[in-house]
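Some notes on the structure that comes next.
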2 protein chains.
Amino acid sequence: MKQFKIDDVAKETGLTKRTIRYYEEIGLIKPPERSEKGTRLYTEEDIERLKKVIAAREVLGFSLQELQQFLTLKETIEAHHRDYRNATDKEQKQQELKEIAAGVREQIDMLEQKMKKMLEWKKELKQLHEKIQAILEEQ
Amino acid sequence: MKQFKIDDVAKETGLTKRTIRYYEEIGLIKPPERSEKGTRLYTEEDIERLKKVIAAREVLGFSLQELQQFLTLKETIEAHHRDYRNATDKEQKQQELKEIAAGVREQIDMLEQKMKKMLEWKKELKQLHEKIQAILEEQ
DNA sequence: TGTAACATTAACGTTAATGTTATATTTATA
DNA sequence: TATAAATATAACATTAACGTTAATGTTACA
């Protein structure tokens, strides 16, 4: 499995090295492997995660904290699934899952609302564009 | 024309008074009228503008500076239109309009890209939700 | 008309998200 | 193997977007 140093990752993602270390510091990405002497060694997977973070940040306008919750939902689920069967406290596990599901529904709703508003903005912008064209063609 | 004081506006919009003054300070909204003694007096129109600012901020995840450009495009156009006919420098006016049109197209493209990515996120979230349901129904 | 509830400006404080600089190691290359 | 280039930690700096506080003036009403 190929490994990358922080500068490679920076070039690949467009983030600065400082930012990458910061994202690690606040727990937005998991600490990567280290060489014997301490150099960070990233995998493709780590880079994918970072790209997801960037996409979400840009697209959703989330704060990094919100992002963190958002991005770990999936992993939380998978963890739950693993120990769901052999859990002694099924009741509680079930409750937790229900809460997570509610959170996911909330996120979906939010996305839908945002998309709706974006459509309205787009409409306005299109009208604006047509208006400009009209003026220009007036001669 | 009815006038509102800053606290009314704050309650109506959900912003704090500090924030409203700040938005004025950075030029995101135009300075409202003042009473003889200096009290800010807002019109319905001012409030509408603020609500637009809020919507755009929440939905588009723009910085306030980006917002400013975005929101003034329309007004810029109308100003142009007014003095387009009786302009002596039609050439230049036309050039300016073309640049604005390009800016608008850029914004539209950006919106479309964002919406596309949001759709992807939504899809993922829906899958996640289904997965949780499946686990819960496993018993 | 007093006083409580608001308004104003001004200045300093705070938090998130980095940028910058310094100092010390590590790694790559001539 | 020397030295240049990259990495690491740490600490201080900066910017946006407000919050908070202080000092002072204004408006509403009992």
Side-chain angles (χ1 to χ4, degrees), chain A residues 1-44 46-47 49-72, chain B residues 1-44 46-47 49-72:
Chain A
M1 174 174 60
K2 218 193 156 194
Q3 314 224 88
F4 305 86
K5 299 217 281 184
I6 197 163
D7 201 41
D8 305 328
V9 179
K11 272 165 191 154
E12 178 71 19
T13 59
L15 300 173
T16 67
K17 291 180 274 187
R18 173 69 172 89
T19 299
I20 296 170
R21 294 197 192 97
Y22 176 68
Y23 283 4
E24 177 186 337
E25 187 184 326
I26 64 171
L28 195 52
I29 56 177
K30 69 172 215 296
E33 297 291 299
R34 297 279 188 134
S35 80
E36 207 171 323
K37 294 298 187 179
T39 302
R40 269 168 261 249
L41 299 172
Y42 297 88
T43 67
E44 291 277 6
D46 292 329
I47 296 179
R49 165 83 178 199
L50 261 178
K51 285 186 178 170
K52 277 215 154 189
V53 168
I54 296 165
R57 186 192 60 180
E58 282 173 359
V59 173
L60 306 179
F62 281 1
S63 76
L64 296 182
Q65 287 206 11
E66 287 169 317
L67 267 186
Q68 199 165 347
Q69 292 178 24
F70 189 87
L71 285 165
T72 45
Chain B
M1 174 174 60
K2 219 192 155 194
Q3 314 225 86
F4 304 86
K5 300 216 278 184
I6 197 163
D7 201 42
D8 304 328
V9 179
K11 272 165 192 156
E12 178 70 19
T13 60
L15 300 173
T16 67
K17 292 181 274 187
R18 173 68 172 92
T19 300
I20 296 170
R21 294 198 191 98
Y22 175 67
Y23 283 2
E24 178 186 337
E25 187 184 325
I26 64 173
L28 194 53
I29 55 175
K30 68 172 216 296
E33 299 289 300
R34 297 279 189 135
S35 80
E36 207 171 324
K37 293 298 187 179
T39 302
R40 267 168 263 249
L41 298 173
Y42 297 88
T43 68
E44 292 277 6
D46 292 329
I47 297 180
R49 165 82 178 199
L50 262 177
K51 284 186 179 171
K52 277 214 156 190
V53 168
I54 297 166
R57 186 192 62 180
E58 283 173 358
V59 174
L60 306 178
F62 281 1
S63 76
L64 296 183
Q65 288 204 10
E66 288 169 316
L67 265 187
Q68 199 166 347
Q69 292 178 24
F70 189 87
L71 285 166
T72 45

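Everything numeric here is computed off the predicted structure, so don't read it as measured data.
- With dT8(C), dA7(C), dA6(D) as the candidates, the nucleotide lying closest to the side chain of Lys5(B) is dA7(C).
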Practice task
Show your working on side chain to side chain contact (heavy atoms under 4.5 Å, CB included) between Leu15(A) and Ile54(A) and close with a plain yes or no.
Solution key: CA-CA 9 Å; Leu15(A) 300 173; Ile54(A) 296 165; 3.7 Å; yes
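- Taking side-chain N and O atoms only, Lys37(A) has no distance below 4.0 Å to OP1 or OP2 of dT27(C).
- In this structure, the CD1 atom of Ile20(B) is 16 Å from the P atom of dA17(D), given to the nearest Å.
- Under a 3.5 Å cut-off, the side chain of Glu24(A) and the backbone N or O of Pro32(A) do not form any donor-acceptor pair.
- Considering only side-chain N and O atoms, Arg40(A) lies nowhere under 4.0 angstrom from the phosphate OP1 or OP2 of dA6(D).
- Listed for the Arg40(A) side chain is no donor-acceptor partner under 3.5 Å among the backbone atoms of Pro31(A).
- With Lys11(A) as reference, Asp7(A) is the one residue of Asp7(A), Asp8(A), Thr13(A) to meet the side chain to side chain donor-acceptor pair (under 3.5 Å) rule.
- The distance from atom CD1 of Ile6(A) to atom C1' of dT18(C) is 14 Å, rounded to the nearest whole Å.
- Residue-level contact check: Ile26(A) touches neither bases nor backbone, having no heavy atom under 4.0 Å from any strand.
- Comparing Gln65(B) and Thr39(B), the nucleotide of DNA chain D nearest to each residue sits closer to the 5' end for Gln65(B).
- Comparing dT27(D), dT7(D), dT9(C) by their nearest atom to the side chain of Arg21(B) picks out dT9(C).
- When distances run from any side-chain atom of Arg18(A) to the nucleotides dG19(C), dT26(D), dT27(C), the shortest one goes to dG19(C).
- At most 12 heavy atoms of other shown residues, nucleotides or ligands fall within 6.0 angstrom of atom NZ in Lys2(B).
- Distance Tyr22(B) OH to dT20(D) C1': 16 Å, rounded to the nearest Å.
- Separating the NZ atom of Lys17(A) from the P atom of dG19(C) is a distance of 12 Å, rounded to the nearest angstrom.
- dA17(D) atom P lies 8 Å from atom OH of Tyr23(B), rounded to whole Å.
- Taking atom CG of residue Leu28(B) and atom P of nucleotide dA17(D), one finds them 9 Å apart after rounding to whole Å.
- Rounded to whole angstrom, the span from the CZ atom of Phe4(B) across to the P atom of dA7(C) amounts to 14 Å.
- If you check dG19(D), dA7(C), dG19(C) against the side chain of Thr19(A), the one that comes closest is dG19(C).
- Here dA7(C) presents its P atom at 18 Å from CD of Glu33(B), a figure rounded to the nearest Å.
- In the set dT9(C), dT9(D), dA16(D), the nucleotide with an atom closest to the side chain of Arg34(B) is dT9(C).
- Note on Thr16(A): every side-chain N or O is 4.0 Å or more away from OP1 and OP2 of dT18(C).
- Comparing Ser35(B) and Leu64(B) along DNA chain D, the residue whose closest nucleotide (by nearest heavy atom) sits nearer the 5' end is Leu64(B).
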